[in-house]
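These notes concern the structure reproduced below.
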Amino acid sequence: MDLLHKIKDSIWRFWKKAHLNQILLLVVSLVILIGLSYFAYLASTANVESLKQGLAQATVIYDKDGDEASKISANRMEGVPIAEVPENMKNAIVAIEDHRFYKHRGFDVYGISRAFFKNLMSGRIRAGGSTLTQQLTKNALLSPERTYKRKLEEVFLAIEIEKKFTKDEILEMYLNQVYFGSGGWGVQNASKKFFGKDVSQVTLSESAMLAGIVNRPSALDPYKNYDASVERRNLVLKQMLKYEMISDAEYQEAVNEKIVLEDKGEDPLKGKYPYYVDAVLNEAINQYGLTQEEILTRGYKIYTEMDQNVQAGLEKVYANNYLFPVSPDGTLAQSGAIMLDPKTGGIRGLVGGRGEHSFRAYNRATQLKAQPGSIMKPLVVYTPALEEGYTAESTLKDEEGMTFANYKPKNYNGQYAGEVPLYTAVEKSLNVPAVWLLNEIGLHKGVAAAKEFGLPIQKEDENLSLALGGTTTGYSPQQMAEAYSVFANGGKREKSHIITKIVGPTGNVEGEYKPKSTRVISGKTAQKMTAILLNVVETGTGRNAHIPGYNIAGKTGSTQLPYPDIPNGTKDQWFVGYTPNLVGAVWLGYDLTDRNHYLRGSSSDTVVPIFKSMMENTLPYIEKDEFETPSINKRLEEERKKEENTIKGQLRNFDDKMTDEAKKWKEKLDKGKGNLKKFEEKLKDTYRKYQNQ
């Protein structure tokens with residue numbers, strides 16, 4: 001113990017003698033000084049005078065070739081001059097976001113100190129302490145990350161901005177670029193979006209509501225959460241009262257005012273391909289961690305897998321209303337379709353609905369959850385059966401009245417053959433053979449196959465009705481196209497995706513797609529299944545999808561109505577088809593199915609022609625290729641011809657032999673006739689000699 005104290009005393013004496021406290025303090029100060037100088041230098045070299053131009057940059061969407069395809073073109077600087085913004089609107093923003101705005105020079109020491117200690121207590125960065133100028137800086141010049149490095153950059157750039165622009169200019173830029181939710185950039189667009197009027201006409205209460213939304217645009221959207229939005233409005237009004245921006249009477253009147261919402265805003269996606277752009281935003285948010293506000297308020301470059309020819313072709317199809325059924329009351333039958341490259345999983349085009357598009361509307365190509373019907377059969381029944389050793393010609397039972405525990409499937413046409421070849425069961429989309437076969441190979445194999453194809457299965461879906469697509473949650477065209485891409489891609493499933501790369505406004509790559517491939521089945525099994533599915537389009541339920549000059553494989557699907565007294569109607573209709581280089585999936589139905597809104601007729605007559613039109617409008621732009629396998633029809637035809645040729649050959653050989661034999665017999669007969677004639681002449685000569693004697 002004494003030795004330890006002596007060592008401590010020695011170290012302490014040396015520390016004091018060497019003045020290490022002063023040296024350490026000097027080093028720390030020097031590091032801080034160098035760091036601050038570095039950030040000050042960066043700020044001084046930044047072209048903050050181009051801030052307005054930077055704020056006006058739209059987020060641009062690029063196609064697979066790097067060409068500009070679309071953009072979010074609701075220009076954030078298409079706003080109003082500060083002179084047209086009501087004083088109450090300006091005060092509301094200042095009161096709730098930065099009440100010392102007119103006193104500081106770009107950053108607020110009090111605000112930053114308060115945020116620093118709050119973050120220190122929580123152990124992570126939660127509060128920003130940003131002034132309006134700093135928020136403007138972040139949106140225009142910096143990445144959205146929450147780090148102390150970025151905060152320092154923000155502070156020094158804000159100081160430079162304050163040197164170049166007046167307070168009114170800064171406030172004008174802020175109000176015209178900030179995001180208010182529901183696709184509303186800037187205070188003018190937001191005023192039209194929520195109140196149906198120009199910002200110059202908004203009341204004190206409406207101004208306070210707009211100012212309150214800025215903090216959390218999604219959570220405080222009055223269309224989605226009116227009560228929370230009103231509560232936030234009241235907080236803004238309290239702040240305005242606190243800082244003597246309004247009187248007690250004005251406060252009471254504004255708090256008691258009933259806000260009436262009216263949407264006269266425009267769709268912010270004024271560019272081309274709105275549903276595809278919607279899907280781009282969804283993927284950027286859900287898979288790359290960006291927020292809607294960040295994407296919509298900053299100039300990103302988003303590179304995608306889009307083929308503009310394919311996308312334009314799909315939109316052309318969906319503009320042809322005659323292809324789609326109409327309900328008696330004129331309600332649009334809805335639909336969603338998608339096209340992807342089976343080799344990469346890249347989504348070449350999609351359409352998420354019919355009718356007028358709304359910003360980030362429900363996208364039926366990517367977000368739909370509909371029961372798949374018979375398009376599940378190849379995935380959960382026939383493919384695992386082929387893997388188990390069954391063949392296209394294997395005999396399956398197709399008997400009326402077959403029961404599996406309490407489940408009794410029926411064929412849609414009410415006809416039963418007793419036994420059918422496997423390929424015929426697929427071609428005619430027969431239900432009983434599919435259920436019988438799944439029961440034979442084992443339900444667990446069908447469930448496992450579905451998961452390998454990328455289709456999640458709920459516990460309650462693990463029953464034999466899975467063979468016919470009986471699921472509780474359902475799937476989207478994107479999921480089904482990805483699953484069927486396995487057949488076109490030699491048994492491998494590539495993860496379907498839209499985005500390949502996201503580049504931020506500063507040029508940094510902020511997200512990039514990493515390919516993900518899964519071996520699902522063998523290449524041989526994929527070819528066998530393709531051979532069977534080619535039959536479906538050639539002579540089966542998908543024959544209306546046939547396009548001369550192209551080999552297309554695919555499968556129809558439909559789901560029953562919940563009304564037994566309507567026998568000729570369906571709830572959902574599907575077709576998934578593919579060539580070697582393109583997979584397409586289309587769903588057709590109503591968002592709300594009832595006795596007046598359902599699909600009449602079969603999928604062969606309704607959804608299949610839509611798919612055919614999709615392919616006719618896109619295949620000319622896709623590299624043409626041939627499947628490595630013929631259809632079962634063609635193979636059987638080739639075998640029949642070969643057999644016929646064999647029989648004909650045998651008959652020909654027999655005929656040749658008979659001809660040769662006939663010739664020989666004829667020669668013998670002719671020779672015999674000659675000998676007989678000679679014998680006859682000899683007899684005559686003998687007779688004449690006898691008479692003469």
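Only a predicted model underlies this, so the values are computations on that prediction, with no experimental measurement involved.
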*With distance as the sole test, does Asp594 use its side chain to make a donor-acceptor pair with the main-chain N or O of Asn596 at under 3.5 Å?*
yes
*Which residues pass the salt bridge (Lys or Arg N to Asp or Glu O under 4.0 Å) test with Glu460, sequence neighbours left out?*
none
_So does Pro609 get a backbone contact from the side chain of Ser613, meaning a donor-acceptor N/O pair under 3.5 Å?_
no
*Any chance you could measure Leu281, atom CG, to Thr59, atom OG1, to the nearest 0.5 Å?*
8.0 Å
*Short side-chain donor-acceptor distance under 3.5 Å, Glu482 and Ser496*: yes
*Which residues satisfy the side chain to side chain donor-acceptor pair (under 3.5 Å) test with Asp591, sequence neighbours excluded?*
Arg364
*Residues that Asn439 engages under side chain to side chain donor-acceptor pair (under 3.5 Å), provided they are two or more places apart*: none
Scan the side chains in residues 380-387 for donor-acceptor partners under 3.5 Å anywhere in the protein, sequence neighbours excluded, and list what turns up.
from, atom 1, to, atom 2, distance (Å)
Thr383, OG1, Pro378, O, 2.6
Glu387, OE2, Thr525, OG1, 2.5

*Among Lys624, His546, Glu626, which residue meets the side-chain hydrogen bond (donor to acceptor under 3.5 Å, both in side chains) test with Asn551?*
Glu626
*Less than 4.5 Å apart, any side-chain heavy atom of Tyr223 and any of Asp221?*
yes
*Under 6.0 Å from the CD atom of Glu356, do we count more than 12 heavy atoms belonging to anything else shown?*
no
*Got a second to check how far Phe627's CZ is from Thr629's OG1, nearest 0.5 Å?*
9.5 Å
*For Gln308, check side chain to side chain donor-acceptor pair (under 3.5 Å) against everything at least two apart and list the hits.*
Asp63, Tyr273
Sequence neighbours excluded and cut-off under 3.5 Å, please list the side-chain donor-acceptor pairs for residues 365-375, or say none.
from, atom 1, to, atom 2, distance (Å)
Gln367, OE1, Asn363, N, 2.8
Lys369, NZ, Gln479, OE1, 3.4
Gln371, NE2, Thr471, O, 2.6
Ser374, OG, Lys377, NZ, 3.2
Ser374, OG, Ser429, OG, 3.3

*Qualifying side-chain hydrogen bond (donor to acceptor under 3.5 Å, both in side chains) pairs with a residue from residues 529-544, counting only residues at least two apart or across chains*: Glu427-Asn535, Glu427-Thr539, Thr530-Tyr578, Asn535-Asn633, Glu538-Ser631, Glu538-Asn633, Thr539-Asn633, Thr541-Thr556
*Is the distance between the ring centroids of Phe453 and Phe487 less than 6.0 Å?*
yes
*Hey, are the side chains of Lys495 and Thr518 touching, using non-hydrogen atoms and a 4.5 Å cut-off?*
no
*Gap between atom OG1 of Thr579 and atom CD1 of Ile552 - 0.5 Å precision*: 7.5 Å
*Any donor-acceptor pair under 3.5 Å linking the side chain of Asp461 with the backbone of Thr472?*
yes
*Is there a donor-acceptor contact under 3.5 Å linking the side chains of Glu283 and His497?*
no
_So for atom OH, which belongs to Tyr563, do other residues, nucleotides or ligands contribute more than 12 heavy atoms lying within a distance under 6.0 Å?_
yes
_Return the OG to CD1 distance between Ser70 and Ile302, rounded to the nearest 0.5 Å._
10.5 Å
_If you compare all heavy atoms of Pro630 against all heavy atoms of Ala531, which two are closest, and at what distance to 0.1 Å?_
O-CB, 3.3 Å
*Tyr276 side chain to Met306 backbone, donor-acceptor under 3.5 Å*: yes
*Ignoring hydrogens and angles, tell me if any N or O in the side chain of Ser394 forms a donor-acceptor pair with the backbone of Leu422 under 3.5 Å.*
no
*Decide if atom NZ of Lys64 counts as having more than 12 heavy atoms of other residues, nucleotides or ligands within a radius under 6.0 Å.*
yes
For residues 328-344, run the donor-acceptor check on the side chains, cut-off 3.5 Å, and write out each pair with its distance to 0.1 Å, sequence neighbours left out.
from, atom 1, to, atom 2, distance (Å)
Asp329, OD1, Ser327, OG, 2.6
Asp329, OD1, Thr331, N, 3.1
Asp329, OD1, Thr331, OG1, 2.9
Asp329, OD1, His597, NE2, 3.1
Asp329, OD2, Thr331, OG1, 3.3
Asp329, OD2, His597, NE2, 2.8
Thr331, OG1, His597, NE2, 3.3
Gln334, OE1, Arg354, N, 2.8
Gln334, NE2, Arg354, O, 3.0
Ser335, OG, Tyr318, OH, 2.6
Ser335, OG, Trp587, O, 2.6
Asp341, OD1, Lys343, N, 2.9
Asp341, OD2, Arg348, NH2, 2.9
Lys343, NZ, Pro580, O, 2.6
Thr344, OG1, Gly346, N, 3.0

_Please evaluate residues Lys634 and Glu638 with respect to the criterion salt bridge (charged side-chain N to carboxylate O under 4.0 Å, His left out), reporting the C-alpha separation (whole Å), side-chain torsions for both, the decisive distance (0.1 Å), and the verdict._
CA-CA 6 Å; Lys634 289 180 180 177; Glu638 288 171 1; over 6 Å; no
Kindly list each side-chain donor-acceptor pair under 3.5 angstrom involving residues 443-452, sequence neighbours excluded, with atom names and distances?
from, atom 1, to, atom 2, distance (Å)
Lys445, NZ, Glu388, OE1, 2.8
Lys445, NZ, Glu388, OE2, 3.3

*Which residue pairs pass the side-chain hydrogen bond (donor to acceptor under 3.5 Å, both in side chains) test when at least one of the two sits in residues 395-410, sequence neighbours left out?*
Asp398-Asn411
*asked:* Given 3.5 Å as the limit, does a donor-acceptor pair link the side chain of Asp65 with the main chain of Asp67, or not?
replied: no
*Can you measure from NE2 (His357) to CZ (Phe359) and round to the nearest 0.5 angstrom?*
8.5 Å
*asked:* Going by the rule salt bridge (Lys or Arg N to Asp or Glu O under 4.0 Å), which residues pair with Glu419 if we only count those two or more places apart in sequence or in a different chain?
replied: none
*Do Ser517 and Glu494 meet the criterion of a side-chain donor-acceptor pair at a distance under 3.5 Å?*
yes
_Could you tell me if the side chain of Val586 sits less than 4.5 Å from the side chain of Met614, heavy atoms only?_
yes
_Between Glu315 and Gln311, is there a side-chain donor-acceptor contact under 3.5 Å, judged purely by atom types and distance?_
yes
*asked:* A side-chain contact here means heavy atoms from C-beta on lying under 4.5 Å apart; do Tyr513 and Ile499 qualify?
replied: no
*Would you say the side chain of Thr606 lies within less than 4.5 Å of the side chain of Phe324, judging by non-hydrogen atoms?*
no
*Find out whether Val280 and Thr304 are in side-chain contact, i.e. whether some heavy atom of one side chain is under 4.5 Å from a heavy atom of the other.*
yes
*Set of residues satisfying salt bridge (Lys or Arg N to Asp or Glu O under 4.0 Å) with respect to Lys459, sequence neighbours excluded*: Glu462
_Any side-chain heavy-atom pair of Leu534 and Val537 under 4.5 Å_ = no
*Check: Ser602 and Thr570 side chains under 4.5 Å, non-hydrogen atoms*: no
*Will you find, in the side chains of Asn282 and Arg360, an N or O donor that is under 3.5 Å from an N or O acceptor?*
yes
_Lys301 (side chain) donor-acceptor with Tyr62 (main chain) under 3.5 angstrom_ = no
_Pairwise distance CH2(Trp436) to CD1(Ile441) - rounded to 0.5 angstrom_ = 10.5 Å
*asked:* Can a donor-acceptor pair be found, under 3.5 Å and without considering hydrogens, that links the side chain of Gln478 to the backbone of Ala585?
replied: no
